[in-house]
Protein chains: 2
Amino acid sequence: MASHTNDPPVATDGREIGERAKATRRKLLDATRVLLTRHGFSDVRLVDITREIGASPATFYQYFTDIDDALLALSNEVTENSGALIELLEAPWAEPADYERAVAFIDAYIAYWADNRAVLRVRNLKAEEGNADFRRARSAAQLPLMQAISTKVENNMAAGRISADLDTQATAAAVLAMLERLTAYRAELSARGTGGAALETTLSRIVFQLVTGHSNV
Amino acid sequence: MASHTNDPPVATDGREIGERAKATRRKLLDATRVLLTRHGFSDVRLVDITREIGASPATFYQYFTDIDDALLALSNEVTENSGALIELLEAPWAEPADYERAVAFIDAYIAYWADNRAVLRVRNLKAEEGNADFRRARSAAQLPLMQAISTKVENNMAAGRISADLDTQATAAAVLAMLERLTAYRAELSARGTGGAALETTLSRIVFQLVTGHSNV
DNA sequence: TGTACATCAGTGAACGCGCGTTCACTGATGTAC
DNA sequence: TGTACATCAGTGAACGCGCGTTCACTGATGTAC
């Protein structure tokens, strides 16, 4: 394990792999993703994955040591694709007019989760169960976001808009926790009459207030 | 499934069970909980559970149809034990001095998660994967809390402390989401220098502000 | 351009293990008189 | 209080299935000349 944290991918025997093999590896990862979305995590078997792409189970072992290894590779990919989110946090949130930036970030965050829900779910489960590799994957994704938000909080605190005895790291963590978890509630809230639009607006307002201290937008 | 949502427990063949059987069922549930905490969810096997209490795997089938059935029973138990949390939300949060109530609630919430982490984790996973029984279990636990918080937000909104164009349900959901998710980050935050005390204080302050509109405690 | 050879990629077929599951049974507990 | 019987609770032993895993192989692709 921990063998797929970087490019380029290598086969399990250590040699580098060509185009054809890369495509097969890709197909295996995509199939894993599909099965993870279609069924529950505990129903995804190694043989199902290879069946899905019409390959022999032996093929799987050319690229991954076991299912966890493939899940970890997916998790790391998902982390790598979070760069766009970080970029949306580069500009400062200071003036009330910066609210639009918060909205853009939150929209992107929700979309990111919608796209990667099944993988993120498993990554977080494994991380919370104590698996070191998945812990690292989760941290790699979250720390940059947390750092960026924490810095914003700090700046706004320095400007006197946020109470100085709040912990900036903890505040940033709270914001991220809220965003992350709420994406799981969306379906249920919708069913109970709180539509996606109301949720997004309220969420943006809350996040902007927590980070900047501006309550009246 | 869905057979263990209410007391008293019955055997899988339908008859009511006596004291001895009740104790065995209890032991099976406790063992499941222990294994869930000790290992990852996907490593918990039916035979492990019975091995843990020195019983035959056949015994398991007297009380549960399969592992999911036992997990669901545990989930429902955990829901039933959340009554204390609701009680902590009965008194109003309106005056700045009510902050202590928020702190008490948040402490209780954190403790509740610490005690039931392994079960709640699986419940949420299954719910998010679309399992109807676990969805129901999760809703049964969350809706009362959400309702109670939503009412508080409404009252404070009526008193003019909270912007009237926020959605009260969405705000309540945001608060709960934040609490729920942050419990998973605690270990990591501690490791990075943001101790439990700082986290709890910041969290309490944020929650109190979101619910009541009081920012200066 | 064509042929020979080397390396890369994929698999068929087999394996053994351990899991979930079943059922006829034995043993434990409760009850009637 | 003691005995006979009924019901409750637990299990030994067996089963078959499907999974993960392996390895010697075949086929596909690349390269040298």
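Order of the sequence lines sets the chain letters (A, B, ...), proteins ahead of strands, with each chain counted from 1.
- Taking a cutoff of 4.0 Å between a charged side-chain nitrogen and a carboxylate oxygen, A:R33 and A:D30 do not qualify as a salt bridge.
- Of all the heavy atoms in B:T50 and B:S56, the pair that sits closest is CG2-O, 3.5 Å.
- Take A:A127 and apply the side-chain contact (heavy atoms from CB on, under 4.5 Å) test, not counting sequence neighbours, and it matches A:F134, A:R135, A:R138.
- No side-chain donor from either of B:Q142 and A:E188 sits under 3.5 Å from a side-chain acceptor of the other.
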Only Watson-Crick and G-U wobble pairs with both distances less than 3.5 Å should count. Give DNA chain D in dot-bracket notation, marking inter-strand partners with |.
.||||||||||||||||||||||||||||||||

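- Here B:K126 pairs with B:D68 under the side-chain hydrogen bond (donor to acceptor under 3.5 Å, both in side chains) rule; sequence neighbours left out.
- For the pair A:E200 and A:R186, the salt-bridge criterion is met [side-chain N within less than 4.0 Å of a carboxylate O].
- Annotation for B:T12 and B:T65: closest pair CG2-N, 4.1 Å, computed over non-hydrogen atoms.
- When the side-chain contact (heavy atoms from CB on, under 4.5 Å) test is applied to A:T37, the partners found at least two apart in sequence or on another chain are A:A118.
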Using a 4.0 Å cut-off on protein heavy atoms (strictly under), produce a 5'-to-3' string for nucleotides 5-20 of chain D with B for base contact, S for backbone-only sugar-phosphate contact, and - for none.
----SBBB------SS

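- There is a side-chain donor-acceptor pair under 3.5 Å between B:E180 and A:Y185.
- Looking at residues 31-41 of chain B, you'll see that no heavy atom sits under 4.0 Å from any atom of DNA chain C.
- Between B:E128 and the choices A:R181, A:R117, A:R121, the salt bridge (Lys or Arg N to Asp or Glu O under 4.0 Å) rule is met once, by A:R181.
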